[in-house]
K.L.:
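Attaching a single structure in structure tokens format; questions to follow.
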Amino acid sequence: MNYNPQEIEKKWQEYWEENKLYQAEDFSKKPKKYILIEFPYPSGAGLHVGHVRGYNSMDAISRKYRLEGFNVLFPIGWDAFGLPTENYAIKTGIHPKVATEKNIANYKRQIKNLGLSFDWSREINTTDPKYYKWTQWIFLKLFEKGLAYQSLLPINWCPSCKIGLANEEVIDNKCERCGTQTTKKEIKQWMLKITEYADRLIEDLAGVDYSDKIKALQINWIGKSLGTEIDFKINDSDEIIKVFTTRADTIFGVKAIVIAPDHPLVKKLITEENKEKAEKYIEESKKKSDFEREKLEKVKTGVFTGSHCLNPVNNEKVPVWIGDYVIAAYGGGAVMVVPAHDYRDYEFAKKYELEIKQVISGGSIDKDAFTDYGTLINSGEFNGLGSEKAIEEIAQWLEKKGLGRKTIKYKLRDWIFSRQHYWGEPIPIIHCPKCGVVPVPEKDLPVELPYIEKYQPTGTGESPLKNVKDWVNVKCPKCGGMAQRETDTMPNWAGSNWYFIRYIDPKNNKELADSKKIKYWMQVDWYNGGYEHTTLHLLYSRFIYKFLFDIGVAPQLEPYQKRTSHGIVLAEDGRKMSKSFGNVINPDDIVKEYGADTLRLYEMFMGPFDQSISWSDKGVKGVYRFLERVWKLALESLENEKTGSRITKALHKLNEKIDSDLEEMKFNTIIAAFMEFINLAIVNKKELGRDSVQKMLILFSPFAPHISEELWKKMGHKKSITLEKWPKYDPSLTKDETIFLVIQINGKVRDRIEADADISEQEAKELAISREKIKTWLRDKEIKKVIFIPRKLINIVV
RNA sequence: GCCCAGGUGGCGUAAUUGGUAAACGCGAUAGACUGAGGCUCUAUGCCCUUUUUGGGCGUGCGGGUUCGAGUCCCGCCCUGGGCACCA
């Protein structure tokens, strides 16, 4: 009988589900493991082989943990609100709700075909009102604590999607979804104060097991920067411009202050004679997109306001300029120009004929700016100090006089939490003409998203919900007067902020989850997902979890003990898989042709887990051939009684290899080790006994569950292989009794001899110099030194 | 510019963490099987030398440490990813 995955896989998938073999048990006495994958967004495109890479790897880990006696929670659900579905709906005319249902059904079918050991009894869906009731509840709590607020802000606006975008959704000044150039638009937005958690989000990384890469990515994104805020008093005025700098040591070299065109003091600073020129500049910079500014102007532009301010350290009069390269949102929107010690300032000074005054010794200032640290010169009482010390002392000096202070700035901005779109969780707020902003009372949650036919964006910047009069108009919960609902919805990150808590108690109607259950299951022991979510989803969900900790819902400071990320699966041509390139591999096709086990094994074997790898059809075939060999070998060995020592040893070695490599996600070498074992066993077929086949199948089952289960049954077992125990290897059997001792002369391999593994140095030496080959090498030479490494080699130095 | 990875056969990659470089898979070539093709099996695997014997080179480049370096140190080059008028 030939290996025929199409015949066996479906059968076992149904068997596993019917017998509830993968359901996690609350409060089980067994030790728990919470294994999490990023729940998929059910798009119209269907499951990607990249999803499969992450899922089946964590599936193998979950399966092994179960065999080892752990109570494993390995859940799945759907992150279904958001733009992709809405755009799909607009394109096809299928309502987002219907499209979501359809897409989920498709994903579910695809995922079930892979034989993953998810606990389907805990399936969740972020678009289910029973679920988003709690997403809204979290928002109310954030509002209550002052962490959700409204703000009129120039936001990134995509003219094509007609939607406001968070900074994180704008890439290269283009809309992340459609690629259209973004512009700015002022809208009243809901914001979340993630910046309040910036420090904790950095500090608490110390206590979790994330790779350095992931930690660095997050720390970079938060962009903490220590510096000094310096007050520059405006000449003949009480107004102060606060300037942020990391280089307070260069303050004696300041030759101008540049403020952003939208700095609050701009209007006051422009003098009558500069009015025309300055206002024209501001107008023009507003028109320019960020993209243009970056690409077209290497040398920064600016315009003089006509006003001056005073340098607090020496009362020098310094001109105030307006420059569109200064970002209003960062560091107070004002910078000090130190031409001698900053490249941009140097160019700026050359262009506008400002003085270049050197205050740090070093470099050649007539040629270019000198930006390194050094010793202060031309800096009054601070002359002679090193930069680092000077930064410290100047800050202290300023602080004493009330003219400046040490401060910390972050690149991380508060999180724009409003979307003017239909397909999202309604923000549970009511606007009352009398009482103002009123939160929807908890008892009235969820605020259900009404089913409407016109869900297209209005293009005015308002949500389509604005037109649903009988939904918008409500009584104010406070005064009972007529009021209106907030019509903005939440971004698609809202539901995924906390979903891992809902898996713990998915049907709870009173809380997000029962607190005892949360205590039992949290933290997530191991969370795997794509690198692309490192700065968005991962950071957001850590923030929300910290908030939940602060209000007593979450028991720990961090949600995820360990976070790993898989590399992207690229197309065979090395490019990203994309419909437009026509190079997409559909997992369905692979399952149909070769079976799920082949797909799973191939994706583990293709290369290092965290690395991007190109797909290879040839590689898939190679794995399929391997499975055919396993099948044939196992069936042919059923009648063998005893296992030879060579096979026994190899099996224990394999066992050891899996144990050590799986924790490190070295799936590729595990599969290679399996192949090696099978190759050995095929050559020594008669030595492969029944007991070893059995053990081999258990070891194989986390990786290729279907074929293992089928062969297990063919061996006469009545119970599922998933109920077996993970074998323990005997360390004494993983070591060889004889080895090939390598003989080196001057570090070069000259010979190798089979020898007893525990051969002594003396014996090894004697053996070595008795060899004809070695004798030739040693002729007429004097042995200076002999280095002997037990079990490995002997090196003769002549 | 800054921060991460990484650079090993024709290709994807492996190397017990300083000890036989190329395991495993793919491809290629030759042979076996076949009427033929495919599948499968066996062998080969970079350069030099007369085939074997044997020897040399060899892990991006240049140095260094060491009995011994893909692995450690110093200096470069290149590729991929992330951030970026961030002051």
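Keep in mind that the numbers below use all heavy atoms, side chains included, and drop hydrogens, waters and symmetry copies. Keep in mind it's a predicted model, so treat the numbers as computed, not measured. The sequence lines fix the lettering, A, B, ..., with proteins before strands; numbering per chain opens at 1.
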K.L.:
If only side-chain N and O atoms of A:Y330 are considered, is one of them under 4.0 Å from the OP1 or OP2 phosphate oxygen of B:A87?
P.N.:
yes
K.L.:
Using the P atom as the reference point in each nucleotide, state the distance between B:A69 and B:U65 in Å, no decimals.
P.N.:
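About 11 Å, rounded to a whole number of Å.
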K.L.:
Let's see if you can work this out: which of B:G19, B:C86, B:C24 has an atom nearest to the side-chain heavy atoms of A:I327?
P.N.:
B:C86
K.L.:
Would you call the rings of A:H341 and A:F370 parallel, tilted or perpendicular, taking 30° and 60° as the class edges?
P.N.:
perpendicular
K.L.:
Assign A:D345 to base, sugar-phosphate, or nothing according to its heavy-atom contacts below 4.0 angstrom with the strands shown.
P.N.:
nothing
K.L.:
Would you jot down, in residue-number order, the residues of residues 240-248 of chain A having a non-hydrogen atom under 4.0 Å from RNA chain B?
P.N.:
A:F244, A:T245, A:T246
K.L.:
What nucleotide among B:A87, B:C85, B:U13 has an atom nearest to a side-chain atom of A:S225?
P.N.:
B:A87
K.L.:
When the P atoms of B:G9 and B:C46 are considered, how many whole Å apart are they?
P.N.:
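13 Å, rounded to whole Å.
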K.L.:
Which of the following nucleotides, B:C86, B:C24, B:C85, is nearest to the side chain of A:K300?
P.N.:
B:C85
K.L.:
Would you find a donor on one side and an acceptor on the other, under 3.5 Å apart, between the side chain of A:R563 and the backbone of A:D209?
P.N.:
no
K.L.:
Would a distance-only check, ignoring hydrogens and angles, find a side-chain to backbone donor-acceptor pair under 3.5 Å from A:R247 to A:T371?
P.N.:
yes
K.L.:
With a non-hydrogen cut-off below 4.0 angstrom, is A:V742 in contact with a base, only sugar-phosphate, or nothing?
P.N.:
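Base contact - A:V742 has a heavy atom under 4.0 Å of at least one base atom.
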K.L.:
Side chain to side chain contact (heavy atoms under 4.5 Å, CB included) with A:V569: which residues, sequence neighbours excluded?
P.N.:
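Partners of A:V569 by the side chain to side chain contact (heavy atoms under 4.5 Å, CB included) criterion, ordered by chain and then number, come out as A:V49, A:R53, A:M577, A:E603, A:M606, A:W615.
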K.L.:
Check every strand shown and say whether A:G223 touches a base, only sugar-phosphate, or nothing at a heavy-atom separation below 4.0 Å.
P.N.:
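The residue A:G223 makes no contact with any strand.
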K.L.:
Name the pairing partner of B:C26, where a pair is Watson-Crick or G-U wobble with both distances under 3.5 Å, or state none.
P.N.:
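Here B:C26 is engaged in a pair, and the nucleotide opposite it is B:G10.
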K.L.:
Distances for protein N/O vs nucleotides 37-44 of chain B N/O pairs under 3.5 angstrom?
P.N.:
from, atom 1, to, atom 2, distance (Å)
B:U40, OP1, A:R625, NE, 3.3

K.L.:
Let me spell it out: for each of A:K785 and A:Y410, pick the nucleotide of RNA chain B with the closest heavy atom. Which residue's pick is nearer the 5' end?
P.N.:
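The residue closer to the strand's 5' end, by nearest nucleotide, is A:K785.
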K.L.:
Tell me, please, which residues at least two apart from A:D617 pass salt bridge (charged side-chain N to carboxylate O under 4.0 Å, His left out).
P.N.:
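Testing A:D617 for salt bridge (charged side-chain N to carboxylate O under 4.0 Å, His left out), a comparison that skips the adjacent residues, returns none.
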K.L.:
Output yes when at least one side-chain N/O atom of A:N668 is less than 4.0 Å from OP1 or OP2 of B:A14, else no.
P.N.:
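So the side chain of A:N668 is within the cut-off, an N or O lying under 4.0 Å from OP1 or OP2 of B:A14.
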K.L.:
Looking only at atom P, what distance separates B:C78 and B:A28, rounded to whole Å?
P.N.:
36 Å
K.L.:
Sequence neighbours excluded, which residues qualify as ring-ring contact (aromatic ring centres under 6.0 Å, His included) partners of A:F667?
P.N.:
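Partners of A:F667 by the ring-ring contact (aromatic ring centres under 6.0 Å, His included) criterion, ordered by chain and then number, come out as A:F609.
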K.L.:
Tell me if B:U42 is syn or anti. Syn = glycosidic torsion within 90° of 0, anti otherwise.
P.N.:
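What B:U42 shows is an anti base, its glycosidic angle lying more than 90° from 0.
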K.L.:
When both hydrogen-bonding distances must be under 3.5 Å and the geometry is Watson-Crick or G-U wobble, what is B:C33 paired with, if anything?
P.N.:
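Looking at the geometry, B:C33 pairs with no nucleotide.
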K.L.:
Which nucleotide, in any strand shown, forms a Watson-Crick or G-U wobble pair with B:G19, with both distances under 3.5 Å?
P.N.:
B:C67
K.L.:
Pair up each side-chain donor or acceptor in residues 629-637 of chain A with any protein partner under 3.5 Å, not counting sequence neighbours, and list the distances.
P.N.:
from, atom 1, to, atom 2, distance (Å)
A:W631, NE1, A:M1, O, 3.0
A:E636, OE1, A:K685, NZ, 3.0
A:S637, OG, A:L633, O, 2.7

K.L.:
Take atom CG of A:D324 and atom P of B:A87, then tell me their distance rounded to the nearest Å.
P.N.:
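These atoms are roughly 18 Å apart.
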K.L.:
Do A:N220 and B:C83 share a donor-acceptor pair, side chain to base, under 3.5 Å?
P.N.:
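No.
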K.L.:
Mind telling me if B:G82 is syn or anti? Syn here is a glycosidic angle within 90° of 0.
P.N.:
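The base of B:G82 is oriented anti (glycosidic angle more than 90° from 0).
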K.L.:
Using residues 743-751 of chain A as the side-chain source, report each donor-acceptor pair under 3.5 Å to any protein atom, sequence neighbours left out, with the distance given to one decimal.
P.N.:
from, atom 1, to, atom 2, distance (Å)
A:N746, OD1, A:V798, N, 3.0
A:D751, OD2, A:R771, NE, 2.9
A:D751, OD2, A:R771, NH2, 3.4

K.L.:
With rounding to the closest Å, how many angstrom separate the C1' atoms on B:C77 and B:C61?
P.N.:
7 Å
K.L.:
Who does B:U51 pair with, Watson-Crick or G-U, both distances under 3.5 Å?
P.N.:
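Partner of B:U51: none.
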K.L.:
What integer number of Å spans the P atoms of B:G68 and B:C83?
P.N.:
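Roughly 46 Å separates the two P atoms.
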K.L.:
Does B:C67 have its OP1 or OP2 closer than 4.0 Å to a side-chain nitrogen or oxygen of A:R750?
P.N.:
no
K.L.:
Does the Lys NZ or Arg CZ of A:R575 fall within the cation-pi geometry relative to A:F581 - under 6.0 Å from the ring centre and within 45° of the axis?
P.N.:
yes
K.L.:
So, using side chain to side chain contact (heavy atoms under 4.5 Å, CB included) as the criterion, who are the partners of A:E355 when residues are at least two apart?
P.N.:
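With neighbours one apart ignored, the set is A:K255, A:K357.
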K.L.:
Between B:A87, B:A14, B:C67, which nucleotide gets closest to the side-chain atoms of A:V797?
P.N.:
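In terms of side-chain proximity for A:V797, the closest of B:A87, B:A14, B:C67 is B:C67.
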K.L.:
Quick one: on RNA chain B, does A:A329 or A:I671 contact a more 5' nucleotide (nearest heavy atom)?
P.N.:
A:I671
K.L.:
Heavy atoms under 4.0 Å, any strand shown: does A:L217 hit a base, just sugar-phosphate, or nothing?
P.N.:
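Answer is sugar-phosphate: A:L217 comes under 4.0 Å of backbone atoms only.
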K.L.:
If the condition is side chain to side chain contact (heavy atoms under 4.5 Å, CB included), which residues does A:T246 pass it with, not counting sequence neighbours?
P.N.:
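A:T246 satisfies side chain to side chain contact (heavy atoms under 4.5 Å, CB included) with A:S225, A:F244 only.
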K.L.:
Rounded off to whole Å, could you give me the CG-to-C1' distance for the A:N795 and B:G18 pair?
P.N.:
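Computing the A:N795:CG to B:G18:C1' distance gives 13 Å.
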K.L.:
B:G56, B:C67, B:U20: which one has an atom nearest the side-chain heavy atoms of A:R752?
P.N.:
B:U20
K.L.:
Nearest of B:A15, B:G82, B:C24 to any side-chain atom of A:K666?
P.N.:
B:A15
K.L.:
When you check the phosphate oxygens OP1 and OP2 of B:C86, does a side-chain N or O of A:K409 lie under 4.0 Å from one of them?
P.N.:
no
K.L.:
Using the P atom as the point on both nucleotides, what is the distance between B:G64 and B:C11, in whole Å?
P.N.:
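Rounded to whole Å, the distance is 30 Å.
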K.L.:
Tell me if a side-chain donor or acceptor on A:R413 pairs with a main-chain N or O of A:K411 at a distance below 3.5 Å.
P.N.:
yes
K.L.:
Please list, chain by chain and in numerical order, all residues satisfying side chain to side chain contact (heavy atoms under 4.5 Å, CB included) with A:E761, sequence neighbours excluded.
P.N.:
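Testing A:E761 for side chain to side chain contact (heavy atoms under 4.5 Å, CB included), a comparison that skips the adjacent residues, returns A:V786, A:F788.
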K.L.:
Which residues pass the ring-ring contact (aromatic ring centres under 6.0 Å, His included) test with A:Y624, not counting sequence neighbours?
P.N.:
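A:Y624 satisfies ring-ring contact (aromatic ring centres under 6.0 Å, His included) with A:Y3, A:Y594 once adjacent residues are dropped.
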K.L.:
How far, in whole Å, is B:G7 from B:G70 if one measures between their P atoms?
P.N.:
14 Å
K.L.:
Would you measure the distance from the C1' atom in B:C73 across to the matching atom in B:G80 and give it in whole Å?
P.N.:
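Going atom to atom, C1' in each nucleotide, I get 26 Å.
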K.L.:
Taking any strand in view, what nucleotide pairs with B:C2 in a Watson-Crick or G-U wobble way, both distances under 3.5 Å?
P.N.:
B:G82
K.L.:
Give the residues of residues 604-616 of chain A touching RNA chain B, defined as any heavy atom closer than 4.0 Å, sorted by residue number.
P.N.:
A:F605, A:M606, A:P608, A:Q611, A:I613
K.L.:
Looking at every non-hydrogen atom in both residues, tell me the closest pair between A:P339 and A:A369 and how far apart they are.
P.N.:
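So the two residues come closest at O-CB, 4.0 Å.
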K.L.:
In Watson-Crick or G-U wobble terms, both distances under 3.5 Å, what is the partner of B:G58?
P.N.:
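Partner of B:G58: none found under 3.5 Å.
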K.L.:
Select base, sugar-phosphate, or nothing to describe what A:K792 touches, counting heavy atoms under 4.0 Å on all strands.
P.N.:
base
K.L.:
Which nucleotide in the set B:C24, B:C67, B:C57 lies at the smallest distance from any side-chain heavy atom of A:K748?
P.N.:
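Nearest listed nucleotide: B:C57.
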K.L.:
For A:K213, which contact category applies under a 4.0 Å heavy-atom criterion: base, sugar-phosphate, or nothing?
P.N.:
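Touches sugar-phosphate only.
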